[in-house]
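Everything below concerns the one structure shown next.
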Protein chains: 2
Amino acid sequence: MSDGPEWSIPEVALAVDLAVLTVHDGSLQIMLVKRGIPPYEGVLALPGGFLASTSEDLDHAAARELSEETGLEAKALHLEQLRTYGAPGRDPRQRVITVCYVAFSPRLPTPTAGGDARAAVLVPVEKALRPRTQIAFDHKKIIADAVERTRSKLEYTTLAAAFCAPEFTMTDLRDVYEIVWGEELDPRNFHRKIIGVEGFLVPTGERVSRQPGRPAALYRRGPATVLHPAMLRSRS
Amino acid sequence: MSDGPEWSIPEVALAVDLAVLTVHDGSLQIMLVKRGIPPYEGVLALPGGFLASTSEDLDHAAARELSEETGLEAKALHLEQLRTYGAPGRDPRQRVITVCYVAFSPRLPTPTAGGDARAAVLVPVEKALRPRTQIAFDHKKIIADAVERTRSKLEYTTLAAAFCAPEFTMTDLRDVYEIVWGEELDPRNFHRKIIGVEGFLVPTGERVSRQPGRPAALYRRGPATVLHPAMLRSRS
DNA sequence: CCAAAAGTGTTCACCGTACACCCATGT
DNA sequence: ACATGGGTGTACGGTGAACACTTTTGG
């Protein structure tokens, strides 16, 4: 930390952006808002905003923006820092440094327009990342980073359960893996592997029949956060 | 990104701090500087400093501080973003947000005091992290994060070679693993495993005799950056 | 009865571990 | 000669992949 004289320290605007991900309709989706003012008016962007005051904590700012712009409660979600983006010129108005967070959510309730009345929409990440899709600022790169972080965390943590409702079946959980990874998994080996991870799942003792076929057992999230051994994607 | 009126945006001071790690004298060491002015005058802290201007890129600021405070050339080193620390009150003078970077270096040349004449020293991380050791600001937490990142990256990347001289033996490389992980590895299985990772090592064809015993082959870093399959620490 | 999904058992190939053993040097 | 570290061969146990097979429902 520098000891330079304080009068020479340039001050910059600090923002917090959110990549809120959910699994919905067979695809990994991200919550975006349509910008109401220039620059990038009418273009999709990550929800986020500037620090509310000089004394607001970063994590608190992220939780506040999450609740303001999506109506979701931060304490119910995983919310973790992703990375900080600060290339000069990434915001045409002024120098803006953005600390980005990722959040993982089960069924997002139909997003309500936030306090500033902008529309929040869910967009499949595959669509958001297409070259033809226009995304404001450098947010497409941020989305790509968030998606890669998510794919990677499925391998060695119990994150997948965060995408499921409070009670879920083994197939619900497998669907999360298959959708996020875009890869099919053997249901039988998957079952055995997950059951073998102590503390990942807690059986409720109940069963559900949602299709023809034998009813599936219901589980709740267990206390485990890491996967031992890891659940690896196929090398491709 | 918020569309709030710009006159309401609080500005904060933005700093860049560096966790420069190296393996030396049988331990993982970190470069620290003794602060010359309050707060924490005379206390060890991470090298770093404020953004030089409102238009300076974050990565550039990190590279500049690295060269200014340690004399190391950034282009020769891995330099990657670790995390951003922004708790209010972490700097008693004013609100400071710090974007932290980690760098990995082979033999650090005896660190020369930087432009502002503060002394740079190498400290074993084990010593820096001891409860009794005083470290400025929240830098002890940052050091702990940097060390954990390093330990973890050894598992699935070829990072270990970054701690070695341009030409090194298999034992040099194994020493890095053993020192960073604090764990003994079987030399024979280690050898086979590393050799099996395509692109990790390039044999120079030369041999060195540094102790009694059969001379060891010399290698250079290869183009590979990821380890397939991973080199896992023993579960403990 | 049949299709379909849940879940179990079994086989096989591969990989990490442990370790016996040989190689090549300094002293 | 002998200690020491470099490097190869090999046997064993565990884990993942593939898949046959049983169980239990809806239609």
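Owing to the predicted nature of the structure, the values given are computational and were not obtained by experimental measurement. Residue numbering restarts at 1 for every chain, and letters A, B, ... go by the order of the sequence lines.
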Options D:dA20, C:dA24, C:dA20, nucleotide nearest the side-chain atoms of A:R188: D:dA20
Short side-chain N/O contact from B:T171 to OP1 or OP2 of D:dG6, under 4.0 Å: yes
Tell me the interatomic distance from A:L227, atom CG, to D:dG16, atom P, rounded to whole angstroms. 10 Å
note: B:F190, atom CZ; D:dT8, atom C1'; distance rounded to Å ~ 17 Å
Rounded to whole Å, the CG-P distance (B:L218 to C:dA24) equals 17 Å
Which nucleotide in the set C:dA18, D:dG7, D:dC19 lies at the smallest distance from any side-chain heavy atom of B:N189? C:dA18
Could A:R192 and A:F190 be counted as a cation-pi pair, given that NZ or CZ must be under 6.0 Å from the ring centre and within 45° of the axis? no
Contact under 4.0 Å: B:K193 side-chain N or O vs C:dG16 OP1/OP2: yes
Whole-Å gap separating C1' (C:dG16) and CG (B:L185): 12 Å
What is the distance from CG of B:D172 to P of D:dG5, rounded to the nearest Å? 14 Å
What pairs with B:Y177 under side chain to side chain donor-acceptor pair (under 3.5 Å), at least two apart in sequence or on another chain? none
Nearest to the B:Q211 side chain among D:dG5, D:dC19, C:dG7, which nucleotide is it? D:dG5
Which whole-number value in Å describes the distance from A:I195 CD1 to C:dG9 P? 13 Å
When we call it a touch if two heavy atoms are under 4.0 Å apart, what does A:P229 touch: a base, just sugar-phosphate, or nothing? sugar-phosphate
Of B:A230 and B:G213, whose closest DNA chain C nucleotide lies nearer the 5' terminus? B:A230
Report the residue from A:R220, A:M170, A:R221 that forms a side chain to side chain contact (heavy atoms under 4.5 Å, CB included) with A:L201. A:M170
Can you tell me which nucleotide in C:dG7, C:dC19, D:dG7 comes closest to the side chain of B:R207? D:dG7
Between P on D:dA17 and CG on A:D186, what's the gap in Å once rounded to a whole number? 9 Å
Under 4.0 Å between a side-chain N or O of B:H191 and OP1 or OP2 of D:dT8? yes
Can you identify which nucleotide, out of C:dA6, D:dG6, D:dC19, has its nearest atom closest to the A:R214 side chain? C:dA6
Neighbour count >12 (heavy atoms, 6.0 Å) for atom NZ, A:K193: yes
Check A:I97 against A:R90 and note the closest heavy-atom contact, atom names and distance. C-NH1, 4.5 Å
Reading DNA chain C from 5' onward, which residue's closest nucleotide shows up sooner: B:R192 or A:Y219? A:Y219
From CG of B:L232 over to C1' of C:dC15, roughly how many Å is that when rounded to an integer? 11 Å
